[in-house]
Number of protein chains: 2
Amino acid sequence: MLQMTTTAASLWATYELSLTGPSTGNPFLDVTLTASFRQGEREVRVNGFYDGAGVYKLRFLPDTTGAWSYETRSNAPDLDHVNGTFEVGPALPNHHGPVRVANRHHFRYADGTRYTNIGTTAYVWNLQGDALEEETLASLAAAPFTKIRMCVFPKHYRYNENEPERYPFKLVTAGKSKWDGSFAGADKYGWTFDFTQFEPTYFQHLEQRINQLAEIGVEADLIVFHPYDRWGFSRMSPAEDDRYLRYLTARLAAFPNVWWSMANEYDLMPQKTPQDWDRFINITADNDPFGHLLSVHNCFKFYDHNHPRITHASIQRSSANLSAVWREKYGKPVSIDECCYEGTIAELWGNISGQKMVRRFWDGVVNGGYVTHGETFNNDTNTIWWAKGGKLIGDSVARIAFLRRIMEAGPDEGLDPIKSTGAYRIAMQGGLDNVVLQQLFVPPAGEEGWAPAMAWWPTAGQPHRYYLSYLGENQPSEATVAVPPDEHYSATLIDTWNMTETPLAPSVKRGDVLHFEPKPYLALLFKRID
Amino acid sequence: MLQMTTTAASLWATYELSLTGPSTGNPFLDVTLTASFRQGEREVRVNGFYDGAGVYKLRFLPDTTGAWSYETRSNAPDLDHVNGTFEVGPALPNHHGPVRVANRHHFRYADGTRYTNIGTTAYVWNLQGDALEEETLASLAAAPFTKIRMCVFPKHYRYNENEPERYPFKLVTAGKSKWDGSFAGADKYGWTFDFTQFEPTYFQHLEQRINQLAEIGVEADLIVFHPYDRWGFSRMSPAEDDRYLRYLTARLAAFPNVWWSMANEYDLMPQKTPQDWDRFINITADNDPFGHLLSVHNCFKFYDHNHPRITHASIQRSSANLSAVWREKYGKPVSIDECCYEGTIAELWGNISGQKMVRRFWDGVVNGGYVTHGETFNNDTNTIWWAKGGKLIGDSVARIAFLRRIMEAGPDEGLDPIKSTGAYRIAMQGGLDNVVLQQLFVPPAGEEGWAPAMAWWPTAGQPHRYYLSYLGENQPSEATVAVPPDEHYSATLIDTWNMTETPLAPSVKRGDVLHFEPKPYLALLFKRID
């Protein structure tokens, strides 16, 4: 006899059907389950999944209010042809739906609300036990971050020797935990798992944490594969990888705040071929009827972000000032999702200063991109934010919050780089050996309508309305205003490190010279007054 | 009747013959004069030049002691078949001859003395009147610089509106001096000169200043052409350019401390073709029997430093950490001759901090290159070191002196980057989108003999003897020693900004972990003890 439960239905909230079905054999392999959700002419097809103990689930993310119906299909008679209707109510407070690309290079929630992409990184914060995980959630609730980069699988690396409480697959043989400088996979470390049997409790815990992120307005940029592995999860067979992807998408595609990051450092996984990555992207997108953001993150070599199902360029690079070039190259939003971490650990990528982190954020923003944060301060317990979460102690967080406020007080369309026809074109053509000018958008003489606020500094904004120029570590004592002719702007000096905004002049025009104390990390903001 | 005078002859000192000859007509065009200097089977042919007032000169730079003879050829009977012998004595103190390439990527004086290439920039310091020029010489005498980048021609640019006391050619019509934002040449500014008539006093003054540089151990990296021009010197005809080159080389090739920098920012001179630059290089080298260093400096796009007569890669770029890549690309020494200037002027390239300048010096050095300094502090008289010389006031000079002492206390062969087979090879192949690793020389596991002092940091030295690692703005709290197995080294912590050297351990071996206070601008020096 069918036992069925459902959750309450509201716009942009995950709607879940729970059914009971076969619990003998291996339901993960043996039982197929899908459902069609219908409203008028629309049909949305979702995959069900086995959640253990004879429970099967189907999840749907409604994008309209009103009556929807559903009907299941399964090779298990108990699960086949189950149908019903439900009423989708209006969105609950702070429910805005999935984040999508907007204005080609920016983001909005599905309901049109602006989304400012300000990420942080805590790869396996959700596998550290309740006490630390709750501390991480409290840290995030007080922080400026609107996205967290996190892994589905546990992580093997220096500072990451602790075993998770649960595994995503059924454990057969436990192996070694000690980091020996390599991520050689299960052969070397002695772990074996039954990859035909998922552990639902592992994924239930992940889902709990993702829901808690949603409550505090944080998107989960979920890393599907990664190389930092002692258990063998990075070296499954293609059939095992694909089954995992179908299971993961069946469970999570109806969560509003999930993004798919197909890999962290895909190019550190030589066991995966280019064909594998293409197939992973397609399986994920095919099985996600709700159109979540999808990307592939690199170590050395960018993935080809022109792939039609990649929604935005997720980039690792120790500088962010080429965002404007990558925006044009890929025609998509640019998210510098790894630019080194603020901290003091030995590794090169884990010991930049707070100043440097903040500089990279600003470099990205005034070149029309977005940047992701992380912290790697050495400590005796190896509780490092970048992997495990915990407390945020770095100097950059407050400055990133200051930047977020400036961004959100700026044009609703987002900040687009103010383009030139000079150095910019040369940079695009790859003909620029002298990188000093790669960050420049030099105004061509006499050309109007797009002129930056100042000739020398990378500038973003919206033409004729708003120009934000960032001076970085340069320390001029003067700047010549280069707004379009016959327009007047207020001029504000921003100290991006000391978090001050100082009016420089109530009304400036093209050619006016502004004087100020030379120091690093200044920005100049010009807002149109007439 | 022939009047002839000669100077005393000693090794590596300019030996000069002065002859009197025709002073009617235009001797610059009408009179040819060459001489052959012979010692045994050797014959060195030099060009003479007209020095005004009926005086003709021939200059020779002896590279061996003992008896040399000479004999002239001229189309003027008074100057033809003049001959004589002279005895070249031993070198005077501090006379070491021209600087030449040594060990493929480094420099030595012709007598084998090590030369450490530490440049500064004062483009037209020699055209500022005696008071300021003598102040500049005094500044240089107290500074660490062994090279100055300076122009033959005067300079037209912002902050450079003062007219020189003399011109290199005979003035016909004076024009305007005011900088209007462009270097459009004589047409716009209204100057005309007779390019068939050199002004010997202009060059005599230049030579006096070059000789004074030699006295304080400074090489003159002489910029032959540049675009910053209101007088028309950048827009002469090919025939006028070539005559100028022959005159300049006839006058200066026998000076021990001259280098030929064919251009500053050759790519900002659209009026010169690639064929022009190739011809300029060949004319200069053909007419320099003493083999001075020769280079071409860029703005946006590097000149092709593979040109067989270019001796070293003179590079403008706002970072120096790819020196190791360029060394390999060109097989020549790398000199980052412009990496922005320490100062506070409005222009992007003229307002980096002292910290940044020092960082670029170290980045260059630990990647096997050399870096050139400059200062651009705003002041009311526009007396800016970068153009006019004067006083050095920046914070970087003392730190550059500190670095020079470290370099000169290091291996006599110079510092070569310690190579890897990983990121380095990828960078060489251009396949590296993530620039963080371009500065890395990661040791391949198990490979010996070239292992760097530390895995994460750019390191230069001499294998098995000396490793200097620079941590830049990174701030780790620990570092793992990665010297070759079974070797012992002393370990010293260098604070490159505070100019301290602190012993960390008298003897360390591979795998030892060093701990220290995290802060920016540290270096680690490992010297072999057994």
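Just so you know, these numbers come straight off a predicted model, no measurement behind them. Residue numbers start from 1 in every chain, and the chains themselves are labelled A, B, ... in the order their sequence lines are given, proteins ahead of strands.
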Taking B:Gly343, B:Gly472, B:Gly350 one by one, which has the highest count of heavy-atom pairs under 4.5 Å against chain A?
->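 Ranked by contacts with chain A, first place is B:Gly343.
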If we only count heavy atoms from C-beta on, is the A:Gln475 to B:Ile352 side-chain gap below 4.5 Å?
->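 Result no, sub-4.5 Å side-chain heavy-atom pair not found.
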With only heavy atoms counted, which part of B:Ile345 is less than 4.5 Å from chain A, the side chain, the backbone, both or neither?
->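 Contact with chain A is through the backbone of B:Ile345 alone.
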Which bit of B:Pro518 is near chain A, if near means a heavy-atom gap under 4.5 Å: side chain, backbone, both or neither?
->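 Only the side chain of B:Pro518 comes within 4.5 Å of chain A.
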Measure the spacing between [atom1] of [X] and [atom2] of [Y] and express it to the nearest 0.5 Å.
X: A:Leu348; Y: B:Leu471; atom1: CG; atom2: CG; value: 9.0 Å
X: B:Ser353; Y: A:Asn474; atom1: OG; atom2: CG; value: 8.5 Å
X: A:Asn378; Y: B:His515; atom1: CG; atom2: NE2; value: 8.5 Å
X: A:Phe516; Y: B:Thr344; atom1: CZ; atom2: OG1; value: 10.5 Å

Between A:Lys356, A:Gln355, A:Lys519, which shows the greatest number of heavy-atom pairs under 4.5 Å with chain B?
->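 Greatest number of close heavy-atom pairs with chain B: A:Lys356.
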Under a 4.0 Å N-O cut-off, is there an ion pair linking A:Arg360 with B:Glu473?
->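 Not counted as a salt bridge, because no side-chain N and carboxylate O are separated by less than 4.0 Å.
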Residue among B:Pro476, B:Pro520, B:Ser477 satisfying side-chain contact (heavy atoms from CB on, under 4.5 Å) with A:Asn351 =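 So, applying the side-chain contact (heavy atoms from CB on, under 4.5 Å) to A:Asn351 and each of B:Pro476, B:Pro520, B:Ser477, only B:Pro476 qualifies.
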